Asker: 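Below is a structure I'd like to ask you about.
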Amino acid sequence: VDDISFTLLPSGYLVDIMQSEAYLGAIEPDQVVSAEGISIFVNGNTINGSVLNMNGNLSNPEGYNQNISFNIGVGHITQDDPLGPDDHGYYIYDSGDLGYSLAPIYDWIEIDNDFGGDGIDLNLSDTGNGNNISNSSTVVELPFPFTFYGITYNEITVNTNGWISFGESLLESFRNYPVPGAGGPSPMLAAFWDDLKTSNGEIYVYSGGNYFIIEWSEMKTYQNNSTETFQIILYDNTYLTPTGDNEIKIQYKEFNNTTSGSYSGWGSTHGAYSTIGLENMYSDIGLEYTFNNDYPTAAMPLHDQSAIFVTTRNPIETLLGDANQDSEVNVLDIIVVVNHIINLELLSPMGVYISDMDGNAIINILDVIQIINVILDTN
């Protein structure tokens, strides 16, 4: 084919086309040709490791015309990127994804009555290993409709073994499996699915109006008697997400992932560490943050005082210098950083990250100067 030109066509909101055309000339059978000239700008909100679908057109003056599609990879996934999306659109952001504005900040909300909280004790009990588990689950009415994988629920099933199921579930699953998968209830949100026992532990719920908390307080793992304290926060905020699904935050006050058993061999200690993740009602779509102490590249290993955030919102890149996180870099950000330096007022972890302009892990006058330069360049 002679006299071929290539034109890059619009390919989604993440790609701005700077130069769309290149001349390829003649192409013989089995020949590879190349040309310079195509130039694109990839939006900073694109997650590292994303595969973008591109569209183009090949044509010549003699009437040859063919539309083509191809993929390009953008960046490389690191632990500082969100996990996902799954086929429904869910991402999981962790408290280490500080380059993204949706990264959760650990902010424990205590509802355990023994520690001054105002939660309702569900009075569940579980001695572990599948024994005496008839009182390990209960159905709880939600204070607002909650949409999960596109289906709206008015109640959840809460289980002692670190999971909830949307709607009513008759299962009492204490052995954890990968998600998505056939093991356990569906749909499921596994905050810390493992063989847990109450001992002195308790499960509480609390309604805060536009959010609802389920807390597993001072639970013990069956195998090693390790303490686990964690909570799920369900938010009444479907208007924020493109799919209309509600958002979820999971916080870990005490995280001890110590159940190291397996399912192989008769009488072996089960466990395979904990399962953390979510799956839909058909158990064929989901997102697994960890199973058997194995984490995907994008998932930060969890620890005490860490958090993850589940949403279908697309990532938004953090704006360096935006100390007060109002999506603008201006004189207000300078005031926030100067107050931090003078008065040693603590910025949030996100605030520290986006104010550390030179990346030396110290907030000082040099960072203020760089923020000023950003403001001057913008204006």
Side-chain angles (χ1 to χ4, degrees), residues 92 94 108 111-112 119 121-133 135-140 148 156-166 169 171-181 183-206 212-234 248-261 269-279 286-295 299 301-304 306-308 310:
I92 298 180
D94 60 55
W108 186 257
I111 65 172
D112 185 335
D121 189 347
L122 295 181
N123 294 310
L124 298 178
S125 59
D126 191 336
T127 58
N129 201 32
N131 299 314
N132 303 314
I133 58 174
N135 189 43
S136 64
S137 286
T138 189
V139 176
V140 176
F148 186 71
I156 58 173
T157 300
V158 179
N159 186 269
T160 54
N161 294 296
W163 56 262
I164 65 172
S165 181
F166 292 90
S169 175
L171 298 180
E172 298 166 328
S173 302
F174 65 95
R175 289 189 178 94
N176 61 298
Y177 297 90
V179 291
S186 301
M188 169 190 254
L189 176 65
F192 190 93
W193 183 16
D194 205 352
D195 187 6
L196 300 178
K197 52 187 180 180
T198 47
S199 299
N200 294 322
E202 297 164 315
I203 297 94
Y204 290 87
V205 295
Y206 174 80
F212 186 74
I213 303 175
I214 309 99
E215 179 179 328
W216 289 257
S217 182
E218 297 192 315
M219 302 293 288
K220 298 288 186 179
T221 54
Y222 175 76
Q223 184 184 16
N224 291 312
N225 214 41
S226 300
T227 301
E228 317 291 346
T229 299
F230 53 93
Q231 62 185 198
I232 293 173
I233 306 175
L234 305 177
I248 303 161
K249 184 179 182 181
I250 307 177
Q251 304 199 106
Y252 299 92
K253 184 178 180 181
E254 295 178 273
F255 183 87
N256 297 292
N257 199 17
T258 59
T259 304
S260 57
T269 302
H270 58 80
Y273 296 92
S274 66
T275 299
I276 297 171
L278 59 154
E279 67 178 28
L287 201 54
E288 183 177 273
Y289 192 85
T290 184
F291 169 73
N292 199 22
N293 208 29
D294 184 27
Y295 291 83
L302 295 169
H303 50 76
D304 292 355
S306 57
I308 59 177
V310 180

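One is the number of the first residue; the rest follow in order along the sequence. What you are looking at is a predicted structure, and each value in this text was computed from that prediction instead of being measured.
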Asker: Restricting to side chain to side chain contact (heavy atoms under 4.5 Å, CB included), what partner residues turn up for S173, sequence neighbours left out?
Answerer: W163, L171, P185, W193
Asker: With rounding to the nearest 0.5 angstrom, report the CG to CD1 distance, L278 to I164.
Answerer: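 Going from CG on L278 over to CD1 on I164, the span is 10.5 Å.
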Asker: Would you say N161's side chain and R175's backbone share a donor-acceptor pair under 3.5 angstrom?
Answerer: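 Such a contact is absent between N161 side chain and R175 backbone.
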Asker: Hey, does the side chain of E215 reach the backbone of I111 with a donor-acceptor pair shorter than 3.5 angstrom?
Answerer: yes
Asker: Using the rule given for side chain to side chain donor-acceptor pair (under 3.5 Å), can you reason through S274 versus N257, listing the C-alpha separation, both sets of side-chain angles and the distance that settles it, and then say yes or no?
Answerer: CA-CA 6 Å; S274 66; N257 199 17; 3.0 Å; yes
Asker: Checking S136 now: which residues fulfil side chain to side chain contact (heavy atoms under 4.5 Å, CB included) with it, not counting sequence neighbours?
Answerer: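 For S136 the side chain to side chain contact (heavy atoms under 4.5 Å, CB included) partners, ignoring immediate neighbours, are D126, I133, N159, T160, E172.
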Asker: Would you indicate whether the side-chain heavy atoms of V140 and I214 approach each other to under 4.5 Å?
Answerer: no
Asker: First locate atom CD1 of I232, then atom CD1 of I248, and finally report the distance between them rounded to the nearest 0.5 Å.
Answerer: 7.5 Å
Asker: With side chains defined as the heavy atoms from C-beta onward, is the minimum distance between F212 and V205 less than 4.5 Å?
Answerer: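 Heavy-atom side-chain distance check passes, below 4.5 Å.
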Asker: Just wondering, more than 12 heavy atoms not from N225 lying within 6.0 Å of its CG?
Answerer: yes
Asker: List the steps, then state whether side chain to side chain contact (heavy atoms under 4.5 Å, CB included) holds for I308 with I276.
Answerer: CA-CA 10 Å; I308 59 177; I276 297 171; 3.9 Å; yes
Asker: Between L189 and F166, is there a side-chain heavy-atom distance shorter than 4.5 Å?
Answerer: yes
Asker: How many angstroms lie between CD in Q231 and OH in Y206, if you round to the nearest 0.5 Å?
Answerer: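 The CD atom of Q231 sits 12.0 Å away from the OH atom of Y206.
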Asker: For S165 and P187, indicate whether the former's side chain and the latter's backbone hold a donor-acceptor pair under 3.5 Å.
Answerer: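 Side chain of S165 to backbone of P187, a donor-acceptor pair under 3.5 Å: yes, one is there.
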Asker: Go through the structure and list residues passing side chain to side chain contact (heavy atoms under 4.5 Å, CB included) with D121, not counting sequence neighbours.
Answerer: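 Residues passing side chain to side chain contact (heavy atoms under 4.5 Å, CB included) with D121: N123, E202, Y204.
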Asker: Side chains of L302 and F230: closer than 4.5 Å at any heavy-atom pair?
Answerer: no
Asker: Measuring from Q223:CD to K197:NZ, what's the distance to the nearest 0.5 Å?
Answerer: 10.5 Å
Asker: Please determine whether side chain to side chain donor-acceptor pair (under 3.5 Å) holds for the pair S226 and K220, giving the CA-CA distance in whole Å, both sets of side-chain angles, and the decisive distance to 0.1 Å.
Answerer: CA-CA 5 Å; S226 300; K220 298 288 186 179; over 6 Å; no
Asker: Looking at every non-hydrogen atom in both residues, tell me the closest pair between G162 and W216 and how far apart they are.
Answerer: N-NE1, 3.6 Å
Asker: Any side-chain heavy atom of I156 sitting closer than 4.5 Å to one from V139?
Answerer: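 The answer is no, as the side chains (C-beta and beyond) never meet within the 4.5 Å cut-off.
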Asker: Please report the shortest heavy-atom distance between T227 and N256, naming the atom on each side.
Answerer: O-ND2, 2.6 Å
Asker: Say whether, by atom type as modelled, one donor and one acceptor occur between the side chain of D195 and the main chain of F174 under 3.5 angstrom.
Answerer: no
Asker: For a quick test of reading the model, state the closest non-hydrogen atom pair linking S186 to E279 and the distance between them.
Answerer: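 Taking every non-hydrogen atom into account, OG-OE2, 2.6 Å.
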Asker: Of all residues at least two apart in sequence or in a different chain, which pass the salt bridge (Lys or Arg N to Asp or Glu O under 4.0 Å) check with K253?
Answerer: E110
Asker: M219 versus T198: any side-chain heavy-atom pair under 4.5 Å?
Answerer: yes
Asker: Quick one: closest heavy-atom pair of E288 and V179, and the distance?
Answerer: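 Closest approach of E288 to V179, heavy atoms only: OE1-N, 3.0 Å.
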Asker: Nearest 0.5 Å, what's the OH-OH distance between Y289 and Y295?
Answerer: 7.0 Å
Asker: Please name all residues satisfying side chain to side chain contact (heavy atoms under 4.5 Å, CB included) with N132, sequence neighbours left out, ordered by chain then number.
Answerer: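 Scan of N132 (side chain to side chain contact (heavy atoms under 4.5 Å, CB included), adjacent residues dropped) gives T127.
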Asker: Taking only residues two or more places apart in sequence or in another chain, which ones pass ring pair (Phe, Tyr, Trp, His ring centres under 6.0 Å) with F255?
Answerer: F192, Y252
